[in-house]
There are 4 protein chains.
Amino acid sequence: MPAGLAFMSHNTFGHLFRVTTWGESHGVALGCVVDGCPPGIRFTRAEIQAELDKRRPGQSRFVTQRREPDEVKILSGFILDEDGETMITTGTPVSMVIENVDQRSKDYGEIARQYRPGHADYTYDTKYGLRDHRGGGRSSARETAARVAAGALARKVVPGMIVRGALVSMGEKSIDRANWNWNFVGDAENPFFTPDPASVGVFAAYLDGIRKAGSSVGAVIEIVADGVPAGLGAPIYAKLDQDIASGLMSINAVKGVEIGNGFEAARITGEENADEMRMGNDGKPVFLSNNAGGILGGISTGQAIVARFAVKPTSSILTPRKSIDKDGNDVEIMTKGRHDPCVGIRAVPIGEAMVACAIADHYLRHRGQTGKGVGE
Amino acid sequence: MPAGLAFMSHNTFGHLFRVTTWGESHGVALGCVVDGCPPGIRFTRAEIQAELDKRRPGQSRFVTQRREPDEVKILSGFILDEDGETMITTGTPVSMVIENVDQRSKDYGEIARQYRPGHADYTYDTKYGLRDHRGGGRSSARETAARVAAGALARKVVPGMIVRGALVSMGEKSIDRANWNWNFVGDAENPFFTPDPASVGVFAAYLDGIRKAGSSVGAVIEIVADGVPAGLGAPIYAKLDQDIASGLMSINAVKGVEIGNGFEAARITGEENADEMRMGNDGKPVFLSNNAGGILGGISTGQAIVARFAVKPTSSILTPRKSIDKDGNDVEIMTKGRHDPCVGIRAVPIGEAMVACAIADHYLRHRGQTGKGVGE
Amino acid sequence: MPAGLAFMSHNTFGHLFRVTTWGESHGVALGCVVDGCPPGIRFTRAEIQAELDKRRPGQSRFVTQRREPDEVKILSGFILDEDGETMITTGTPVSMVIENVDQRSKDYGEIARQYRPGHADYTYDTKYGLRDHRGGGRSSARETAARVAAGALARKVVPGMIVRGALVSMGEKSIDRANWNWNFVGDAENPFFTPDPASVGVFAAYLDGIRKAGSSVGAVIEIVADGVPAGLGAPIYAKLDQDIASGLMSINAVKGVEIGNGFEAARITGEENADEMRMGNDGKPVFLSNNAGGILGGISTGQAIVARFAVKPTSSILTPRKSIDKDGNDVEIMTKGRHDPCVGIRAVPIGEAMVACAIADHYLRHRGQTGKGVGE
Amino acid sequence: MPAGLAFMSHNTFGHLFRVTTWGESHGVALGCVVDGCPPGIRFTRAEIQAELDKRRPGQSRFVTQRREPDEVKILSGFILDEDGETMITTGTPVSMVIENVDQRSKDYGEIARQYRPGHADYTYDTKYGLRDHRGGGRSSARETAARVAAGALARKVVPGMIVRGALVSMGEKSIDRANWNWNFVGDAENPFFTPDPASVGVFAAYLDGIRKAGSSVGAVIEIVADGVPAGLGAPIYAKLDQDIASGLMSINAVKGVEIGNGFEAARITGEENADEMRMGNDGKPVFLSNNAGGILGGISTGQAIVARFAVKPTSSILTPRKSIDKDGNDVEIMTKGRHDPCVGIRAVPIGEAMVACAIADHYLRHRGQTGKGVGE
């Protein structure tokens with residue numbers, strides 16, 4: 001092996017619910033192996049596919065027009081129920097494969113020798129030498145399809161858990177939280193995963209302007225997990241929020257993560273921030289607010305888990321930017337072709353998947369920590 | 001073993017530079033074992049102690065008056081150089097111990113049966129049953145002394161790296177970045193780790209007011225690592241920013257983490273956010289800005305690594321808050337005794353330690369990934 | 001999820017050369033993901049296939065007659081060289097898939113409720129409840145096909161390494177080491193992987209007798225890895241022999257592992273056991289013997305790595321044995337159908353694969369430990 | 001850091017019951033951190049000390065006369081019960097420290113530049129360069145004291161488990177299994193951990209002869225764990241026997257490991273090897289033999305776990321052997337000073353500790369795998 005060639009490692013995340021992803025955008029297929037999925041979980045291929053369809057490109061004029069059907073095949077880890085459709089996990093690894101239909105190598109031409117600002121071109125080249133040969137296709141956002149497939153299974157691991165995500169701001173525009181409507185997020189008329197119906201027109205006009213200007217814009221996504229039992233997580237280095245932060249920060253283009261009221265917590269007083277409690281009429285403790293985002297001391301409180309993450313604007317833009325090429329020449333770069341003017345939009349289902357996987361992992365770890373059966 | 005007793009696990013972080021911490025605030029001692037520290041690193045006990053002294057309580061009226069000398073003993077992993085003082089690591093595990101001088105169990109009295117809002121009392125009790133017996137003392141911020149000791153070693157692993165932290169805002173008050181002066185951060189007249197000399201009076205007056213009101217306030221800390229070579233990190237699930245986020249989020253009371261311009265990236269356009277490049281006069285690439293915080297695609301760019309984290313306000317306050325006790329009674333809680341009105345202050349050296357450890361870990365991983373000697 | 005259902009975990013082995021296998025004998029396919037394979041390694045699909053063909057059933061009257069072509073597909077982690085045939089690894093995960101052609105569930109009938117002596121029926125049932133539903137197909141020796149595919153890649157990781165295995169005894173019959181001929185092991189006339197041409201007739205007659213008697217017999221396999229550089233491994237808990245032992249013991253039906261002269265070392269004196277050294281004519285150190293099997297203090301010496309493992313006799317036999325069924329009835333069991341009378345034969349390529357993977361893993365770890373490029 | 005300096009890593013073993021050891025023979029102290037010990041386990045310092053006393057040198061004329069009291073201090077992870085003596089684990093890491101009393105560096109003189117046959121001198125020097133500086137003291141058998149301390153805790157994790165070891169052969173001499181008496185193993189008149197009273201005189205005479213001849217001899221140790229519940233372990237890469245093999249092979253000088261009848265299984269037929277079953281009078285399944293050594297398919301059967309390991313003869317002998325020195329000169333080496341003529345004797349408590357830790361680890365993993373409380 002020639003000296004100086006680096007390799008990529010750590011294509012696995014999770015401790016007990018372990019997800020290993022593989023595959024390049026230019027290759028035959030991509031997929032994942034989920035090891036540690038408990039037995040007895042019932043799901044259908046259609047349910048996995050539905051999650052994948054949410055992140056698939058080409059669904060509106062606001063996202064890239066590349067067409068990939070992203071059809072998932074499930075190769076192991078289940079037996080078919082008598083209905084011939086419902087799969088029941090057996091506790092063995094679940095292998096899922098998605099073929100690449102449009103796998104031709106693009107002719108990047110000149111761009112292949114230039115460092116596009118905001119892209120990882122320079123860092124990849126510094127580390128791996130020839131970025132095309134060292135898995136440039138691996139770092140494509142296509143890899144996240146495998147995460148979404150794994151996340152679809154993770155959702156099933158915690159009984160009663162519902163993980164939903166929404167875009168809460170795009171560039172300078174934000175939703176009105178008073179209008180929050182989860183049902184609207186998946187609406188066919190809603191290309192933005194916004195929970196605020198009134199925001200669709202605002203976002204559409206804003207993003208059309210951005211796109212026409214050859215520009216791009218960032219976004220903030222909020223993920224909410226309801227139905228998570230209290231007690232998941234552990235202090236010190238196995239905090240639930242720590243693993244959620246790590247998972248969200250591993251998504252391409254993410255630059256910030258918050259739990260609960262996040263950075264706002266640093267601006268307010270202890271009285272304002274403390275979530276007070278009272279006994280409910282049903283004899284169960286009730287929190288009067290959820291500034292903590294459902295996590296105290298690294299352990300879930302039983303309230304909704306709330307996490308937000310910031311996605312930077314798409315780096316591929318039509319506006320020329322100063323940069324250099326591999327030979328050390330100063331160049332001006334503009335990226336032609338169609339790109340998502342706001343990659344944050346398609347990050348919504350990916351964020352959901354990462355949060356679902358983190359919680360599923362801690363749910364299973366909790367079994368070992370407490371000696372209680374899952375779901376008991 | 002009685003059913004239902006849970007245990008705590010994962011007292012280790014890092015992959016190649018692995019830190020395992022142990023010890024409770026009520027026990028004999030606390031400490032850490034650093035496994036994976038490369039051989040040949042020269043350090044003195046005084047250098048480790050200097051870092052510990054930075055986070056030690058009792059240094060100004062703005063932090064708790066508990067007195068712990070926090071003297072570190074280094075038990076293994078080194079040989080003494082001929083000067084009898086300089087230690088040279090041998091590549092074997094470095095074990096460090098800090099005795100607890102003031103280890104008497106506090107008489108928490110009534111508070112022991114009440115769930116203090118903002119504290120982990122409720123979640124611990126839900127998970128572990130008897131929180132005192134299940135390592136309540138483990139979750140004390142004293143555990144972070146062991147992190148700081150490990151971080152002091154981590155700083156030595158990457159030649160030329162300098163990791164510094166500063167408090168950039170406290171509640172509603174922020175520093176003026178135009179005044180940034182790293183030398184001032186460690187000044188004896190500066191109880192806040194602020195880099196802005198003009199802010200000391202502002203913070204002092206503000207925090208005195210908070211303290212007298214029986215209140216508390218949060219803070220934002222910024223950690224900057226200079227001298228980090230390009231190429232550290234890896235795409236997918238071994239991103240450098242991912243491990244920094246995980247490390248910072250594992251610090252008590254942290255609710256948000258940002259890399260570079262963080263959440264601000266979600267508000268601006270692609271042109272604004274892109275860090276342009278030019279060839280420098282010395283024939284080396286120069287970035288014209290550092291919105292990326294020194295990390296692109298999960299890999300270091302060679303610029304300064306910049307991370308920020310939000311610390312929530314101290315939960316122990318004199319202002320009464322509604323809560324419940326273990327028996328399900330509604331109660332009003334106020335926490336007597338002296339507490340840090342802003343725990344964020346003492347989080348500065350802890351944040352430095354966690355960032356130093358994450359970078360040291362990736363520095364060593366880079367060796368395996370590239371086949372290049374460290375520092376070559 | 002119903003209480004009491006257990007799941008299987010840990011379908012991964014290796015630290016830097018990490019192999020995750022998946023798939024059941026009754027499922028659609030099986031395969032593996034190799035994460036951590038360095039970039040720049042050249043191989044062909046035919047080379048992987050050749051290893052798989054060695055362990056494929058149905059190749060002589062001495063092994064089971066089930067027919068599985070075991071054709072491997074390679075889905076990721078490579079680019080094609082200009083010859084359109086040679087694959088070059090990119091450092092990203094290599095995903096390999098083998099379809100199950102003969103995947104119909106067998107009608108085990110009565111046997112499904114009985115605990116066959118020597119089989120894992122009782123332990124599986126105790127742990128997993130319904131053994132068929134809990135991945136009985138996962139524990140089939142078909143899983144080892146995935147190991148062999150991974151091992152074929154592992155062989156390429158260490159330049160110059162040659163890993164070969166041979167059957168050295170079968171039941172009461174042993175080879176004559178004076179006749180050792182590696183070239184004969186793969187000979188078409190040699191159904192036993194024996195290195196001793198004179199042993200073929202002896203083994204054939206012996207095994208025919210065993211088979212006709214409805215009996216079975218065990219075997220001892222020796223694996224030799226030539227061309228392994230000195231210095232691989234580490235003391236304490238990362239010994240090279242420790243990982244070889246773990247890998248070989250993970251093969252179905254293995255009950256013992258030896259390194260070098262193994263148990264014989266316990267019978268002889270220090271003078272006899274010590275491998276003396278002299279400087280060779282070429283100025284390089286020469287060992288005068290290899291009782292150590294190429295490993296001292298957990299680290300390779302540069303001599304051949306020699307490991308042996310004992311495979312117990314096939315548990316499925318035609319001779320009736322006493323047992324019980326799931327309902328607690330005493331029964332007599334004999335297993336009809338054609339089975340390998342000596343499963344140890346087909347364990348040869350599997351042992352090679354596990355040793356190759358362990359050495360490849362330590363080879364890559366050595367890079368990180370020494371800061372030397374692989375192959376330097 | 002100078003190029004070419006390697007470091008040692010992986011000073012941790014176990015998955016849920018994780019043991020990290022640290023310390024050198026020439027340093028201040030050595031010890032371990034046990035992370036993952038469940039809460040509620042009651043033990044005394046005297047119980048830990050009793051295990052350490054078993055492996056302590058200087059207890060008969062057959063082992064080295066170096067004197068180390070090996071007094072253990074327990075620094076964390078417990079609360080004291082009301083009797084002021086019984087410790088109750090809290091689920092947090094248990095840190096144990098043993099001071100080195102006789103820690104002066106030995107004057108190895110000439111030997112420091114020579115490669116002693118059978119020792120790891122050559123491999124260490126090849127890997128680490130200067131073996132003294134790279135933790136030569138770490139690879140001393142003193143490190144095993146930390147394992148024994150951890151093993152003493154591990155014994156308590158599995159209720160009802162009793163782990164005992166015995167020396168079953170020494171060089172050419174073996175015990176008579178008909179005389180097996182566990183009570184005799186710890187007898188004050190028994191310097192060999194032999195279970196056969198009749199063997200003491202034979203071993204004593206034999207070993208005196210070996211010692212006087214300036215020679216040394218190997219040994220085989222058998223470890224038996226009674227009271228291990230059925231169901232521990234998992235197929236594929238988490239087999240209980242795999243982890244026992246790895247643990248035993250990690251002990252200095254071990255060259256072979258067997259489970260149950262081990263290599264003998266390769267010599268006999270399927271009928272002979274199969275452990276038949278019958279329903280017992282108490283309505284529980286009974287195995288009529290234990291050739292499997294208590295493990296089938298990687299999972300415990302509920303019978304005694306039986307493992308054996310081979311220890312090579314002490315490499316330090318008075319008989320001159322050929323070797324080379326660091327400068328490439330041919331030399332004759334004989335090791336003066338007092339050494340154990342049979343290091344296998346003191347390996348007995350170490351083997352017990354490694355087996356106890358492996359079983360404790362799988363016991364805790366079983367909780368997570370089954371959702372059953374430990375001990376239920």
Side-chain angles (χ1 to χ4, degrees), chain A residues 1-12 16 18 20-24 26-41 73-79 88-95 97 99 128-130 132-139 157 159 364 373-376, chain C residues 1-12 16 18 20-24 26-41 73-79 88-95 97 99 128-129 132-139 157 159 364 372-376:
Chain A
M1 184 170 124
L5 291 191
F7 64 102
M8 200 172 287
S9 64
H10 277 291
N11 293 280
T12 299
L16 292 191
R18 274 190 300 282
T20 301
T21 71
W22 57 268
E24 292 84 36
H26 64 258
V28 180
L30 59 86
C32 65
V33 179
V34 179
D35 192 10
C37 191
I41 290 180
K73 285 182 194 166
I74 303 165
L75 300 183
S76 68
F78 66 92
I79 51 169
I88 307 173
T89 59
T90 58
T92 62
V94 179
S95 176
V97 173
E99 286 181 22
Y128 297 112
L130 294 165
D132 291 338
H133 287 193
R134 301 300 135 240
R138 177 77 181 131
S139 65
V157 168
L364 297 175
V374 171
E376 291 168 26
Chain C
M1 182 170 123
L5 291 192
F7 65 102
M8 202 171 284
S9 63
H10 277 289
N11 293 279
T12 299
L16 291 192
R18 272 191 301 282
T20 300
T21 71
W22 55 269
E24 292 83 35
H26 65 259
V28 180
L30 58 86
C32 65
V33 179
V34 180
D35 192 10
C37 191
I41 289 180
K73 286 183 194 167
I74 303 165
L75 300 183
S76 68
F78 66 92
I79 52 169
I88 307 173
T89 59
T90 59
T92 62
V94 179
S95 176
V97 174
E99 286 182 23
Y128 296 113
D132 291 338
H133 287 192
R134 301 300 133 238
R138 179 74 181 133
S139 65
V157 167
L364 297 175
K372 285 181 194 163
V374 171
E376 291 169 28

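Only a predicted model underlies this, so the values are computations on that prediction, with no experimental measurement involved. Naming: A, B, ... by sequence-line order, numbering from 1 per chain.
When all heavy atoms of C/His10 and A/Arg18 are compared, the pair lying nearest together is N-NH2, 3.1 Å. Between C/Arg138 and A/Pro93 the shortest heavy-atom distance is NE-CD, 3.6 Å.
Residue A/Trp22 forms a side-chain contact (heavy atoms from CB on, under 4.5 Å) with just one option from C/Leu75, C/Thr92, C/Thr20, C/Val94, and that option is C/Leu75.
Every residue two or more places apart in sequence or in another chain was checked for a side chain to side chain donor-acceptor pair (under 3.5 Å) with C/Ser76, and none qualifies.
Using a 4.5 Å cut-off on side-chain heavy atoms (C-beta onward), C/Ile79 and A/His26 make contact.
Judged by distance alone, the side chain of C/Asp35 and the main-chain N or O of A/Asn11 form a donor-acceptor pair under 3.5 Å.
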